[in-house]
There are 2 protein chains.
Amino acid sequence: MDVPASNRLADRMQRGDVFAPRCPSREVLKHVTSTWGVLILIGLRGGTLRFSELRRKVAGVSERMLAQTLQQLEGDGLLVRRSYPVVPPHVEYSLTPLGEEAAVRVEALTDWIEDRLPSLVKT
Amino acid sequence: MDVPASNRLADRMQRGDVFAPRCPSREVLKHVTSTWGVLILIGLRGGTLRFSELRRKVAGVSERMLAQTLQQLEGDGLLVRRSYPVVPPHVEYSLTPLGEEAAVRVEALTDWIEDRLPSLVKT
DNA sequence: ATCCATACTTACTCCGATGTATGTACTTAC
DNA sequence: GTAAGTACATACATCGGAGTAAGTATGGAT
């Protein structure tokens with residue numbers, strides 16, 4: 001069968017198509033599937049967390065990567081940052097409804113991997 | 001509340017826990033969520049494909065990255081490689097049942113991103 | 001004789017993802 | 001006075017993901 005007209009690159013990019021290298025969806029995908037993006041999304045499913053709480057929950061993140069990844073996900077509209085002008089600083093992060101939807105799907109993948117790990121060939 | 005004993009690092013790694021930095025599940029996760037890993041898994045959902053067919057379907061991959069990512073996913077038991085001793089070479093790749101399960105979840109995520117792209121803040 | 005197609009591998013290179021270390025501003029605790 | 005906690009920013013170094021180009025082996029087409 002032939003390729004339908006709606007498969008043209010421009011159309012696919014407007015709809016959102018990860019197969020189109022320059023589609024913005026690739027950016028979001030990159031953020032969401034990044035090492036720390038995955039863990040932050042899942043970590044926040046339990047509810048709102050402060051920066052340092054999240055840092056403890058997502059063991060192994062550096063402050064640098066945590067801050068950076070949080071900004072990316074915030075820019076994508078997947079989480080919100082609320083800061084309170086007190087001292088010491090108090091900043092809270094929580095998923096948006098959109099972020100919750102993304103997190104559910106990411107967690108479905110990681111849960112599956114964790115479950116099936118024994119079936120997967122040893123590295 | 002305290003951390004239960006089953007949350008000890010060693011236990012979490014045996015079960016498979018992406019939050020444990022040295023758990024093998026992190027390796028699999030890395031392969032599956034890599035730029036080309038994602039696209040290859042989805043690309044193969046349509047059925048068996050040859051190397052060059054896959055290369056055309058997953059637009060933008062270099063031969064180098066395609067070969068390398070295929071080897072990773074094969075090592076994880078997510079796809080199988082069948083080669084026929086003919087000339088010119090003929091090699092087929094297809095998902096294993098395990099790979100199909102993974103691909104479904106990966107595609108659920110990418111489908112969601114494609115759908116919700118308009119809702120996501122512009123970069 | 002030369003080119004093309006196939007499925008890679010290898011060498012070289014580049015850039016972005018990530019880690020480390022340090023700084024900041026303020027307060028509480030010792 | 002000095003250390004610790006908080007939420008970052010910034011500079012520097014590193015490492016691996018990723019692209020490019022070329023090579024390999026073979027046979028058929030031109």
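Note on naming: letters A, B, ... go to the chains in the order of the sequence lines (proteins, then strands), and numbering restarts at 1 for each one. Note that these values count all heavy atoms, side chains included, but never hydrogens, waters or copies made by symmetry.
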Of the candidates D/dT6, D/dG17, C/dT6, the side chain of B/Lys30 sits closest to D/dG17
Rounded distance in Å - NE2 (B/His90) to P (D/dG27): 18 Å
What is the distance from atom CD of A/Gln71 to atom CD of A/Gln68, rounded to the nearest 0.5 Å? 7.5 Å
Please state how far atom CG in A/Leu49 lies from atom C1' in D/dT6, giving the value in whole angstrom units. 15 Å
Counting any heavy atom closer than 4.0 Å, what does A/Arg81 reach on the DNA or RNA strands: base, sugar-phosphate only, or nothing? sugar-phosphate
Would you mind reporting whether B/Leu78 and B/Gln72 have side-chain heavy atoms less than 4.5 Å apart? no
If you compare every side-chain N and O of B/Arg64 against the phosphate oxygens of D/dA22 (OP1, OP2), does one of them come in below 4.0 Å? no
Choose from C/dT27, D/dA7, D/dA9 the nucleotide whose nearest atom is closest to any side-chain atom of A/Val87. C/dT27
Measure CE/A/Met65 against C1'/D/dA9 and give the value in whole Å, please. 14 Å
Whether B/Tyr93 and B/Phe51 hold their rings parallel, tilted or perpendicular, with breakpoints at 30° and 60°: tilted
Watson-Crick or G-U wobble partner for C/dA11, using a 3.5 Å limit on both distances? D/dT20
Taking the minimum atom-to-atom distance to the side chain of A/Arg50, which one of D/dT6, D/dA18, C/dT18 wins? D/dT6
Can a donor-acceptor pair be found, under 3.5 Å and without considering hydrogens, that links the side chain of B/Glu92 to the backbone of B/Arg81? no
Interatomic distance, B/Glu53 CD vs C/dA7 C1' [rounded to whole Å]: 13 Å
Does one side chain, of B/Ser94 or B/Arg82, offer a donor that lies under 3.5 Å from an acceptor on the other? yes
Whole-Å distance between C/dA7 C1' and B/Phe51 CZ? 6 Å
Distance in angstrom units between B/Gln68 CD and C/dC8 P, rounded: 13 Å
Are B/Ser52 and C/dA7 close enough that a side-chain N or O sits under 4.0 Å from OP1 or OP2? yes
Compare the minimum distances between each of C/dG19, D/dG27, D/dA18 and the side chain of B/Thr35, then state the nucleotide with the smallest one. D/dA18
Picking from D/dG19, D/dC8, C/dG19, which would you name as closest to the side chain of A/Tyr93? D/dC8
For A/Gln71, which contact category applies under a 4.0 Å heavy-atom criterion: base, sugar-phosphate, or nothing? sugar-phosphate
Which is true for A/Tyr84 with a 4.0 Å heavy-atom rule: it touches a base, it touches only sugar-phosphate, or it touches nothing? nothing
A/Ser34 vs C/dA17: side-chain N/O to OP1/OP2 distance below 4.0 Å: no
Measure from the side-chain heavy atoms of A/Glu63 and tell me the nearest of D/dA11, C/dA7, D/dA7. D/dA7
Length of the line joining A/Glu27:CD and C/dG16:P, which is rounded to integer Å: 11 Å
Please tell me if the side chains of A/Val58 and A/Leu66 come closer than 4.5 Å, counting only heavy atoms from C-beta onward. no
In this structure, how many angstroms lie between the P atom of D/dA9 and the CG atom of A/Leu66, rounded? 11 Å
